[in-house]
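Start at 1 and go down the list; that is how both ligands and their atoms are numbered.
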Amino acid sequence: MGQAMVGITDSACTGCDLCIPFCPFEALLPLVENPTERKHPKRPVVVVEAACVGCLSCIGSCPTGALHEIPLPPKNEASPLLEPPTPPDTAPVLRWGRHGIGWP
Ligand code: SF4
Ligand code: SF4
C-alpha cells in the first residue's frame with residue numbers, strides 16, 4: 001500500500017457528519033461556519049491534513065461518495081504534507097461520554 005490521504009469533494013458533502021466517527025485520528029471535523037459560496041445549507045466536514053495518516057478507515061463511510069483517496073508522491077521532498085496549509089476553523093466533536101458520538 002502506498003502513502004495516501006483522504007480528500008472531501010466539497011460539492012458532494014452534505015454535512016451529514018456520518019463519516020466523523022470512522023476516523024480514529026479525529027481528522028474529519030465540521031467547519032465552524034458554512035462558506036458563503038457553498039450551495040448546501042449545512043456546513044461541510046473537512047479533512048484536517050496534519051491529522052490524517054491515510055489509514056483509509058473512513059473511505060467507505062460517505063453515502064454521497066464525497067470521500068476519496070489522494071495518493072501521495074513517493075518522494076518525501078514532493079509531499080504536500082511537508083508544508084501543510086493553515087488548518088481550517090473546525091468545531092470540536094465530543095467523542096466519548098453520554099452525549100459522545102462513540103465509535104461505529
Ligand atoms: S459522510 Fe460524506 S456527506 Fe456526510 S459529512 Fe462526511 S463527507 Fe460529508
Ligand atoms: S484516512 Fe484515516 S486518518 Fe485520514 S481522515 Fe480517513 S480515517 Fe481519518
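Residue Phe25 approaches ligand 2 through these ligand atoms, each under 4.0 Å from one of its heavy atoms: 3 (S). For ligand 1 and Asp17, the ligand atoms under 4.0 Å from any heavy atom of the residue are 4 (Fe), 5 (S). Close approach to Val45 involves these atoms of ligand 1, each under 4.0 Å from a residue heavy atom: 5 (S). Within ligand 2, counting atoms from 1 as listed, the ones closer than 4.0 Å to a heavy atom of Val6 are 1 (S). Each of the atoms 1 (S), 5 (S), 6 (Fe), 7 (S) of ligand 1 lies under 4.0 Å from some heavy atom of Cys19. Distances below 4.0 Å separate heavy atoms of Pro63 from the following atoms of ligand 1: 1 (S). Close contacts between ligand 1 and Cys62 involve ligand atoms 1 (S), 2 (Fe), 3 (S), 7 (S) [criterion: under 4.0 Å to a heavy atom].
Nearest protein neighbour of atom 3 (S) of ligand 1, counting heavy atoms only, is Thr14 N, 3.3 Å. Nearest non-hydrogen protein atom to atom 2 (Fe) of ligand 2 is Cys55 SG, 2.3 Å. When only non-hydrogen protein atoms are considered, atom 1 (S) of ligand 2 lies nearest to Leu56 N, 3.1 Å. Closest to atom 6 (Fe) of ligand 2, if we only count protein heavy atoms, is Cys58 SG, 2.3 Å. Of the protein's non-hydrogen atoms, the one nearest atom 8 (Fe) of ligand 2 is Cys23 SG, 2.3 Å. If you check which protein heavy atom lies closest to atom 4 (Fe) of ligand 1, you get Cys16 SG, 2.2 Å.
In this structure, Leu56 is not a member of the same hydrophobic cluster as Leu18, with clusters built from ILVMFWY side-chain heavy atoms closer than 4.5 Å. Note on Val45: it clusters hydrophobically with Ile101, by side-chain heavy-atom contacts below 4.5 Å among ILVMFWY residues. Hydrophobic clustering keeps Val6 apart from Phe25 (ILVMFWY residues linked when any side-chain heavy atoms are closer than 4.5 Å, directly or through intermediates).
With contacts defined as side-chain heavy-atom distances shorter than 4.5 Å, the pair Val93/Glu26 does not qualify. For the pair Arg43 and Asp17, the minimum side-chain heavy-atom distance is below 4.5 Å. Between Leu31 and Pro44 there is a side-chain heavy-atom pair separated by less than 4.5 Å.
The part of Thr64 lying near ligand 1 is the side chain, judged by heavy-atom distances below 4.0 Å. Counting heavy atoms closer than 4.0 Å to ligand 2, residue Leu28 contributes side-chain atoms (C-beta onward) but none from N, CA, C or O.
Taking both residues in full, the closest heavy atoms of Arg38 and Gly15 are given as NH2-N, 4.3 Å, listed atom of the first, atom of the second, then distance. In plain terms, the two heavy atoms of Lys42 and Thr14 that are nearest each other are CB-O, 3.8 Å.
Ligand 2 has Val53 within reach: a non-hydrogen atom of the residue lies less than 4.0 Å from it.
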Subject >> side chain to side chain contact (heavy atoms under 4.5 Å, CB included) assessment of His40 paired with Asp10 >> reply: CA-CA 9 Å; His40 287 290; Asp10 179 74; over 6 Å; no

**OP:** Determine, stepwise, if the pair Leu28 / Ile8 fulfils side chain to side chain contact (heavy atoms under 4.5 Å, CB included).
**Re:** CA-CA 10 Å; Leu28 297 171; Ile8 297 180; 4.0 Å; yes

